[in-house]
Structures are given as C-alpha cells and as structure tokens.
Amino acid sequence: MTKPSPKISKNSRERQAEEPQVSQLIQARVKKLRDLAEAGIPGFATGFKPDVSAQAFAQKFAMITESDVSDAMVRMAGRIIALRIMGKATFLRLRDASGDVQAYLARDTLGADDYKLLKQLDIGDIIGLSGVPFRTHTGELSVNVKDLKILTKALRPLPEKWHGLTDVETRYRQRYVDLIVNPKVREIVRSRTRIITEIRNFLTDQGFLEVETPMMQSIPGGATAKPFVTYHHSLDRNLYLRIAPELYLKRLLVGGFDKIFEINRNFRNEGISTQHNPEFTMLEFYQAYATYSDLMAMIEQMVSKVALEVLGTLKVTYDGQEVNLTPPWDRMTVREALLRYADLTEDEVDDRNSLFIKAVEMGLQVDKDDPRGKLWMAIFDEVVENKLWGPVFVCNYPVEVSPLARRNEDDPTVTDRFELYICGREIANAFTELTDPLDQRSRFEEQVLARAAGDEEAHFLDEDFLRALEFGMPPAAGAGVGIDRVVMLLTDSRSIREVILFPHMRPEKGGQ
RNA sequence: GGGCCGUUAGCUCAACUGGUAGAGCAACUGACUCUUAAUCAGUAGGUUUGGGGUUCGAGCCCCCGACGGCCCA
C-alpha cells in the first residue's frame with residue numbers, strides 16, 4: 001500500500017491553508033511524523049497483535065499487590081487518552097474497546113532510545129505496548145512498559161480532557177470523536193445491539209423466521225406516511241424507499257409461512273426532530289392464527305424480558321420518572337382513554353359534531369368532513385398520548401385510520417388494533433390483520449380518494465397485494481415495534497439522535 | 001412550518017453601557033523517575049458562523065442567510 005510518507009500532498013497542504021488554525025496543531029503532529037520517519041519508524045504500522053484487553057487485564061491481575069513483582073508479559077493496544085511526562089518517567093492512559101488501562105514508562109526500563117520516542121507521542125495516538133503488570137504506590141493496577149510501538153499517529157487533537165466534547169452538533173457530526181471521548185455513547189451503542197439481539201432471540205426461540213423484504217418498492221405501502229422517491233435509471237421509473245414492510249410480510253403469510261419477522265430500516269419523508277429520524281429501525285412480526293390479544297401478551301413478555309436481560313430490572317427510570325414494566329400491563333380502548341384523559345362525556349365522545357366542536361376549540365387542524373374516527377385520533381394525539389406514562393395497550397382504533405386492520409366483530413366502526421404506550425410515546429402498533437380482499441379493496445379505494453383530495457400520506461392501492469389476499473391469507477395478527485423508541489426507553493435517552501449512530505443532519509457549511 | 005435561544009482559539013468557556021478579544025486544557029520550548037485534571041517557568045495560537053447596515057469605533061446594535069438547541073404545530 002502507500003509507504004509511510006511524512007509528506008503532505010499538495011492538496012492537503014492547500015486545504016490546510018484554508019484552515020490556518022487547524023493547520024498549526026496538525027503541522028506540529030505532521031512534523032513528529034516526519035521526525036519518526038527519519039528515525040526509520042513508521043507512523044502507521046501494522047502487525048501488532050495485543051493479547052489482552054484493558055478489561056481482561058484488570059480482571060486477570062486484580063490480585064497483584066504493590067510488593068508483587070510479576071513477570072507475566074502482556075501485549076496491549078489502544079489510544080492514548082492522557083499523557084503525563086515527568087522527566088524520565090511517564091504515565092499514560094490507554095483506551096481500548098473494553099476500557100482504560102494505565103501504563104508506566106520509565107527510561108531505565110524502556111531504554112533511552114525508546115524513551116525518546118515519547119517525545120513524538122501525542123494524546124490520540126494509537127500505540128501497542130508490551131510489559132508486566134504492577135501496582136503503583138497510589139494503588140492503581142498498571143502496565144510497566146518494556147516495549148513501545150506507535151501503530152497510528154493521530155494528526156488531529158482530541159477534545160479537552162476535562163470537559164470533553166459536549167457540543168451536540170459536533171458530537172453527531174463527528175460521532176467518531178464522540179465515541180472516543182464519551183464512554184456513555186459506546187454504552188448506548190452496545191445496549192442497542194443487545195436489545196436487538198434479545199428481541200431476535202425471543203422471536204427465534206418462539207419459532208419465528210427472520211426474513212428480508214424489499215426496501216425499494218414500486219408501490220410504498222403498509223403505513224400512513226409520505227415516502228422518499230428515488231429513480232431507477234435502466235428501468236426508467238421511480239421507486240420508493242419503503243415506509244413499512246407490512247404488505248410484503250403478509251404476502252409471505254399467503255405463501256405459507258406462519259411466523260415471520262423482519263428488523264430493518266423504514267424511511268419516512270417527514271420532519272426531523274428529537275423523536276423522528278428520516279430512517280429508523282422497525283421490528284415487524286406476523287403470526288398466523290393469532291389475534292391482537294395474543295400479540296399484547298407477547299409484546300408484554302418480549303419488552304419486559306429484554307429490559308430484564310439488558311438492564312437487570314423491570315423498574316426503568318426515564319427522564320427522572322420511574323416506569324414499572326412488570327406484566328401484566330394496563331389495557332383500555334381508545335374510547336375509554338378519551339373519556340378518562342380528554343375531558344369528554346359519554347355523549348360527546350360518540351357524537352361526531354360534539355367532537356368536531358371540541359377539536360376546533362382545542363385549535364386542532366380538523367376538516368369539517370372528518371369522520372368520528374379521525375376526530376378521535378386528533379384529540380387523542382393532542383391530549384391523551386403524553387399522559388400515558390405506564391405501559392398501556394390502547395385498543396380498538398377507529399376503522400378510518402386503520403386501513404389494514406380487521407373490523408371488530410361487536411363494533412364495526414373500530415378495528416382489532418392496539419398501540420402500546422410507554423412514557424408518553426407510542427412504542428408498538430399491532431392488529432388482527434384484515435384478510436378479506438373485498439373489504440381490503442374498498443379500504444384502499446377510500447385511501448385513493450383521500451390521496452386524490454390531497455392527502456400525501458394516504459395509502460396507495462396495491463393491486464398485487466390484493467391479488468395475494470385473493471389467494472387467501474390465513475387469519476393472522478401482526479405488530480410493528482419501534483426499535484429506536486425501545487432503545488431510548490431502556491437507555492434513558494430523550495433524543496432519538498442519541499440512539500442512532502449517525503443521525504441525519506443538514507450538510508455542514510463547506511460540505512458537499 | 002412558527003416562536004425563542006445559541007454559534008468567540010483544536011476543546012470548554014469569559015469579554016460590564018458599543019471603546020486594544022481573554023482564561024483553562026490541548027500545542028510548542030525548558031525542568032522534573034509513582035502520576036492520575038501531574039506540577040513549575042516561558043512561547044505561540046482568532047475572518048468572534050457568513051453577508052450587509054448603523055457608528056469616529058461593532059463579538060456586542062439593526063437586516064438577511066447558514067447550522068444547531070428548546071418549545072409549539
């Protein structure tokens with residue numbers, strides 16, 4: 001590959017000229033790189049194999065005392081995050097993927113030549129070292145370094161050691177720096193992965209098969225949302241990034257799979273906020289011969305099990321308030337929730353005109369032709385949602401806002417659908433699936449009318465999906481669980497951007 | 001989409017009523033063989049987010065834009 005040349009290319013020199021303040025700090029490090037090269041030492045090495053992590057080192061040698069002289073050689077590698085040079089002795093703090101370790105370098109142990117190398121070291125460099133464990137006078141387990149190798153010279157300085165990097169904009173834009181200096185961020189990443197792994201295990205253990213369905217779709221469906229449009233050149237047609245996998249997963253039910261799930265990204269062309277990223281991760285699972293009641297029990301089990309596995313407790317603190325995830329969770333209908341939280345009487349909640357007047361009084365954007373179900377949900381979103389702190393399944397959503405859900409057998413104006421709310425946020429959405437292709441067609445047609453009337457979020461009519469239903473889909477229930485929301489809940493994160501490694505940002509100035 | 005707030009050295013922050021832009025850390029030079037925000041002495045580092053305006057004079061006041069945060073829809 002490229003030889004370890006200390007020379008900066010013309011381009012980088014020009015670029016640095018545009019950033020004079022950076023260049024001064026960078027150039028000091030480039031000079032060290034050049035000095036190293038002149039001494040025959042590459043600034044970007046390869047081939048060093050550590051044999052113990054910082055965490056394993058701490059466990060393995062926990063019993064070492066100050067008077068012990070160990071001859072157990074260890075090889076460790078990591079990034080220098082603190083450097084204290086005191087003449088002929090030096091302490092540095094090394095950070096690897098597992099944690100931190102302190103290293104001690106004495107001229108007499110390391111040799112005068114190697115000790116001189118220290119002059120060329122900076123905070124941020126990645127080094128490899130070999131040495132023996134010992135305990136310092138102040139009691140800290142450390143490595144007494146016998147041999148030192150620079151693995152990667154860092155050309156940019158890390159943020160200040162005391163306050164670190166706190167500017168949220170820089171943290172998200174330069175997540176790599178955030179990850180280096182803010183251990184909490186790494187923890188959230190690990191928690192996220194564990195949560196997803198636990199969910200996957202839970203479903204797999206119950207006989208669910210993980211599948212992948214198209215993320216680029218000709219007809220976006222399965223949710224009420226505005227899609228992103230992209231373009232396929234050789235097909236000369238628009239494609240949409242999926243807003244949900246639902247219609248494809250149901251095709252698989254038609255095809256004969258009876259327990260399936262998918263964990264993957266959905267894309268919705270909506271505003272960006274602390275609660276919304278344009279791409280977000282969703283679990284959807286479908287089970288034949290199940291009803292939405294079965295899924296309530298299942299989600300209750302799944303989320304509480306994941307919380308227990310990842311946090312070790314079912315009492316979660318979110319935003320300073322406790323929420324207890326111990327099953328069983330509350331269940332109430334949308335109508336009951338409105339009566340309880342929205343200051344409506346029984347007569348008002350059942351009367352479209354009263355609801356409309358209420359909604360207008362609240363300053364909600366409602367249309368005078370909106371059906372009762374739409375008004376219900378407008379009021380629900382406004383005043384009920386954020387009051388639902390404890391885990392609660394809100395059931396029986398109006399048919400007008402549930403074009404893919406099966407009608408309730410006792411009350412055909414609502415569907416066998418629920419949403420799960422925890423800490424005032426929607427976590428999951430599930431329903432007994434509509435299997436009747438004729439009913440499904442008429443629901444789609446209503447959506448097409450809404451779209452023609454200007455509703456950009458209304459569903460498209462998917463003729464192939466209807467054809468699939470006409471072949472017969474087994475009775476089934478399906479659920480969508482917002483993975484980012486679950487991770488936020490279990491990591492006490494108030495912004496979705498904290499749980500997404502690279503959240504969407506507008507281009508920074510001077511960016512492409 | 002609307003309102004409010006913010007953007008000053010690589011990082012974290014100061015700068016009174018409009019009057020020469022500062023500090024700590026990081027960097028550089030030197031001292032120092034058990035430090036842990038190491039210490040001590042010295043040096044250097046700025047298009048104050050961009051553009052325009054008012055003014056003898058603008059980091060500060062006014063206008064427009066960029067990006068971010070919070071709240072609202």
Side-chain angles (χ1 to χ4, degrees), chain A residues 16-33 35 66-67 80-95 100-112 114-115 118-125 131 133-145 153-174 177-178 180-182 226 269-276 319 359-360 362-366 378-379 381-383 385-386 456 494-498 503-511:
Chain A
Q16 281 175 27
E18 290 161 15
E19 296 181 75
Q21 68 279 40
V22 172
S23 102
Q24 196 180 38
L25 290 161
I26 289 182
Q27 270 160 17
R29 287 155 181 258
V30 169
K31 181 178 180 301
K32 290 178 179 182
L33 197 58
D35 291 346
E66 211 185 309
S67 53
I80 300 172
I81 56 161
L83 184 61
R84 295 180 288 277
I85 301 179
M86 294 160 300
K88 298 177 191 68
T90 292
F91 284 93
L92 58 81
R93 186 157 295 279
L94 206 63
R95 174 167 295 167
D100 297 352
V101 65
Q102 178 173 264
Y104 174 69
L105 303 94
R107 195 184 63 170
D108 294 348
T109 311
L110 200 59
D114 276 0
Y115 195 80
L118 277 176
K119 279 240 155 202
Q120 315 304 332
L121 284 188
D122 286 297
I123 292 168
D125 291 354
F134 79 111
R135 201 167 284 280
T136 64
H137 295 332
T138 50
E140 180 165 350
L141 180 65
S142 309
V143 190
N144 190 2
V145 178
K153 185 87 192 111
L155 299 186
R156 284 182 187 262
L158 287 180
E160 186 226 338
K161 63 188 167 195
W162 189 237
H163 301 90
L165 181 65
T166 59
D167 180 76
V168 288
E169 183 176 352
T170 313
R171 284 186 49 229
Y172 298 149
R173 287 194 194 281
Q174 302 182 30
V177 181
D178 192 28
I180 291 169
V181 301
N182 292 323
K226 196 173 156 188
N269 209 339
E270 297 163 350
I272 301 171
S273 75
T274 51
Q275 304 305 314
H276 299 89
D319 200 10
V360 170
M362 289 176 185
L364 303 178
Q365 288 189 327
V366 287
I379 295 170
D381 289 346
E382 176 70 12
V383 296
E385 187 172 316
N386 59 10
E456 286 184 294
R494 271 193 279 178
S495 166
I496 196 171
R497 296 178 151 197
E498 286 299 322
H504 190 265
M505 306 282 280
R506 286 190 166 85
E508 55 187 316
K509 200 177 50 174

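Within every chain, numbering begins at 1; the chains are lettered A, B, ... in the order of the sequence lines, protein sequences first and strands thereafter. Both backbone and side-chain heavy atoms feed into the values below; hydrogens, waters and symmetry mates do not.
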Checklist entry - With both distances under 3.5 Å as the test, what is the Watson-Crick or G-U wobble partner of B:U33? => result none

Item to check | Separation of the C1' atoms in B:U47 and B:C40, to the nearest angstrom | outcome: 36 Å

Checklist entry - Is it the case that A:R84 and A:Q102 place a side-chain donor and acceptor less than 3.5 Å from each other? => result yes

Next on the checklist: I want to check one thing: is the phosphate of B:A31, taken as OP1 and OP2, less than 4.0 Å away from some side-chain N or O of A:K88?
Outcome noted: no

Checklist entry - Are any of the side-chain nitrogens in A:E140 or A:R93 under 4.0 Å away from the carboxylate oxygens of its partner? => result yes

Checklist entry - Contact class for A:D167 (heavy atom, under 4.0 Å): base, sugar-phosphate, or nothing? => result sugar-phosphate

Next on the checklist: By the 4.0 Å heavy-atom rule, please label A:Y115 as base, sugar-phosphate, or nothing.
Outcome noted: nothing

Item to check | Opposite nucleotide pairing with B:A38, Watson-Crick or G-U, both atom distances under 3.5 Å | outcome: none

Next on the checklist: Only pairs with both distances under 3.5 Å count, Watson-Crick or wobble alike; so what is the partner of B:G6 in this structure?
Outcome noted: B:C67

Checklist entry - Would you say B:G69 has OP1 or OP2 under 4.0 Å from some side-chain N or O of A:R497? => result yes

Next on the checklist: Quick check on A:E456: does its CD atom have over 12 non-hydrogen neighbours (other residues, nucleotides or ligands) under 6.0 Å away?
Outcome noted: no

Next on the checklist: Does a side-chain N or O of A:K161 approach OP1 or OP2 of B:A26 to a distance below 4.0 Å, or not?
Outcome noted: yes

Checklist entry - Would a 4.5 Å heavy-atom cut-off, applied to side chains only, mark A:V366 and A:V360 as touching? => result yes

Item to check | Phosphate OP1/OP2 of B:U35: any A:R84 side-chain N/O under 4.0 Å | outcome: no

Checklist entry - Does B:A27 have a Watson-Crick or wobble mate here (both distances under 3.5 Å), and if so which one? => result B:U43

Checklist entry - When the C1' atoms of B:U17 and B:C70 are considered, how many whole Å apart are they? => result 30 Å

Checklist entry - Ignoring hydrogens and angles, does a donor from either the side chain of A:E160 or the base of B:G10 sit under 3.5 Å from an acceptor on the other? => result no

Item to check | P atoms of B:G18 and B:C28, separation to the nearest Å | outcome: 41 Å

Checklist outcome for this item: pair_partner(B:G1), Watson-Crick or wobble, both distances < 3.5 Å, evaluates to B:C72

Next on the checklist: Among B:A44, B:C34, B:U12, which nucleotide has an atom closest to any side-chain atom of A:F91?
Outcome noted: B:C34

Next on the checklist: Using the six-membered base ring of B:C34, report whether A:H137 stacks on it, requiring centroids under 5.5 Å and planes under 30° apart.
Outcome noted: yes

Checklist entry - With both distances kept under 3.5 Å, what pairs with B:C13, Watson-Crick or G-U wobble? => result B:G22

Item to check | Heavy-atom neighbours of A:R494 CZ exceed 12 at 6.0 Å | outcome: no

Checklist entry - Rounding to the closest angstrom, what is the interatomic distance between B:C5 and B:A9 at atom P? => result 22 Å

Checklist entry - So how far is it from A:T90 OG1 to A:L118 CG, rounded to the nearest 0.5 Å? => result 4.5 Å

Item to check | Heavy-atom donor-acceptor pair, A:T166 side-chain to B:U12 base, under 3.5 Å | outcome: no

Next on the checklist: So A:L364, base contact, sugar-phosphate only, or nothing? Heavy-atom distance under 4.0 Å.
Outcome noted: nothing

Checklist outcome for this item: Per nearest nucleotide of RNA chain B, the residue lying toward the 5' end, A:L92 or A:Y172, is A:L92

Checklist entry - For the pair made of CD1 in A:I80 and C1' in B:U35, what is the distance, rounded to whole Å? => result 15 Å

Checklist entry - Quick one: is B:U33 close enough that its OP1 or OP2 comes under 4.0 Å of any side-chain N or O from A:R107? => result no

Checklist entry - Taking N and O atoms by type only, does the side chain of A:E140 place a donor or acceptor under 3.5 Å from a partner on the base of B:U35? => result no

Checklist entry - What is the distance from CE of A:M86 to P of B:A38, rounded to the nearest Å? => result 10 Å

Checklist entry - Which part of the nucleic acid does A:K119 contact within heavy-atom distance under 4.0 Å: base, sugar-phosphate only, or nothing? => result sugar-phosphate

